[in-house]
> 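Provided herewith is a single structure, encoded as structure tokens, for subsequent inquiry.
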Amino acid sequence: MIRKQEITTFEFPEDAIIWDVRDSSAYAEAHVKGAINQPITELSAQSLTQVSTDQPIYILCGGGSTAPRAAELLEGFDSEREYVILMGGTRVARDAGFALEQSS
């Protein structure tokens, strides 16, 4: 199941699995705190084995266009899971004042 959530109204649960599906250089530049880099080009059924089946996977990208495609791709691998697209992506999070992290 795929659902959408505005990133500006999302309250990040402490144990949330957040996948940033941008490429590694965009992710390193700035990403939402706690997000894990899972580039859309590397998503596979194997990627899903890292996450408990009862845990939703929150998906975001830079501006909101790649995350829906990533969610559809993941749903093709396992349609029983819950995928939540964080609408607006990292840009909207930054503009809303969310603290972003950088990685080296």
> Between M1 and W19, is there a shared hydrophobic cluster once you connect ILVMFWY residues whose side-chain heavy atoms come closer than 4.5 Å?
no
> Would a distance-only check, ignoring hydrogens and angles, find a side-chain to backbone donor-acceptor pair under 3.5 Å from Y27 to A35?
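Yes: the side chain of Y27 pairs with the backbone of A35.
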> Please answer whether the main-chain N or O of A30 pairs with a side-chain N or O of Q102 as donor and acceptor at a distance below 3.5 Å.
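Answer holds: no.
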> Measure the spacing between CD of E80 and CD of E82 and express it to the nearest 0.5 Å.
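Here the interatomic distance stands at 12.5 Å.
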> Quick one: OG1 on T41 to CG on L73, what's the gap to the nearest 0.5 Å?
10.5 Å
> Going from CZ on R3 to CD1 on I85, what distance comes out if it is rounded to the nearest 0.5 angstrom?
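The CD1 atom of I85 is 10.5 Å from CZ of R3, to the nearest 0.5 Å.
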> Quick one, Q38 with Q50, criterion side-chain contact (heavy atoms from CB on, under 4.5 Å). Give me CA distance, side-chain angles, the key distance, then yes/no.
CA-CA 11 Å; Q38 290 281 355; Q50 304 168 39; 3.2 Å; yes
> Looking only at non-hydrogen atoms, find the nearest pair between R81 and D78 and report the distance.
NE-OD2, 3.1 Å
> Using the rule that two of Ile, Leu, Val, Met, Phe, Trp, Tyr join whenever any of their side-chain heavy atoms come within less than 4.5 Å, decide whether I57 and L43 are in one cluster.
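Per the 4.5 Å side-chain linkage, I57 and L43 are co-clustered.
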> Examine distances only and state if a side-chain atom of D20 and a backbone atom of N37 form a donor-acceptor pair shorter than 3.5 Å.
no
> Kindly compute the distance separating CD (E72) from CD1 (I2), expressed to the nearest 0.5 Å.
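Rounded to the nearest 0.5 Å, the CD-CD1 separation comes to 5.5 Å.
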> For S47 and E42, run side-chain contact (heavy atoms from CB on, under 4.5 Å): C-alpha distance rounded to whole Å, both residues' side-chain angles, the deciding distance at 0.1 Å, then the answer.
CA-CA 8 Å; S47 306; E42 298 175 17; 6.0 Å; no
> A side-chain contact here means heavy atoms from C-beta on lying under 4.5 Å apart; do T8 and V92 qualify?
yes
> Can you list the steps and then say if L86 with I59 is a side-chain contact (heavy atoms from CB on, under 4.5 Å)?
CA-CA 6 Å; L86 296 176; I59 304 167; over 6 Å; no
> Looking at Q55 and A16, would you say the former's side chain and the latter's main chain have a donor-acceptor pair under 3.5 Å?
no
> Would the distance check show the side chain of R91 and the main-chain N or O of C61 forming a donor-acceptor pair, the cut-off being under 3.5 Å?
no
> Under 4.5 Å between side-chain heavy atoms, hopping through other hydrophobics if needed: is there a path connecting I18 to I40?
no
> Could you go through H31 and T90, starting from their C-alpha distance and side-chain angles, then the distance that decides it, and tell me whether this counts as side-chain contact (heavy atoms from CB on, under 4.5 Å)?
CA-CA 6 Å; H31 56 270; T90 305; 5.5 Å; no
> Can you get from F10 to L60 by hopping between Ile, Leu, Val, Met, Phe, Trp and Tyr side chains that sit under 4.5 Å apart?
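Yes, same cluster.
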> Any idea which heavy atoms bring A93 and I7 closest together, and the distance?
CB-CD1, 3.9 Å
> Does one hydrophobic cluster hold both V21 and I36, with members joined at side-chain heavy-atom distances below 4.5 Å?
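Yes, V21 connects to I36 through the hydrophobic network.
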> Between Y83 and L74 (side chain of the first, backbone of the second, donor and acceptor by atom type, cut-off under 3.5 Å), is there such a pair?
yes
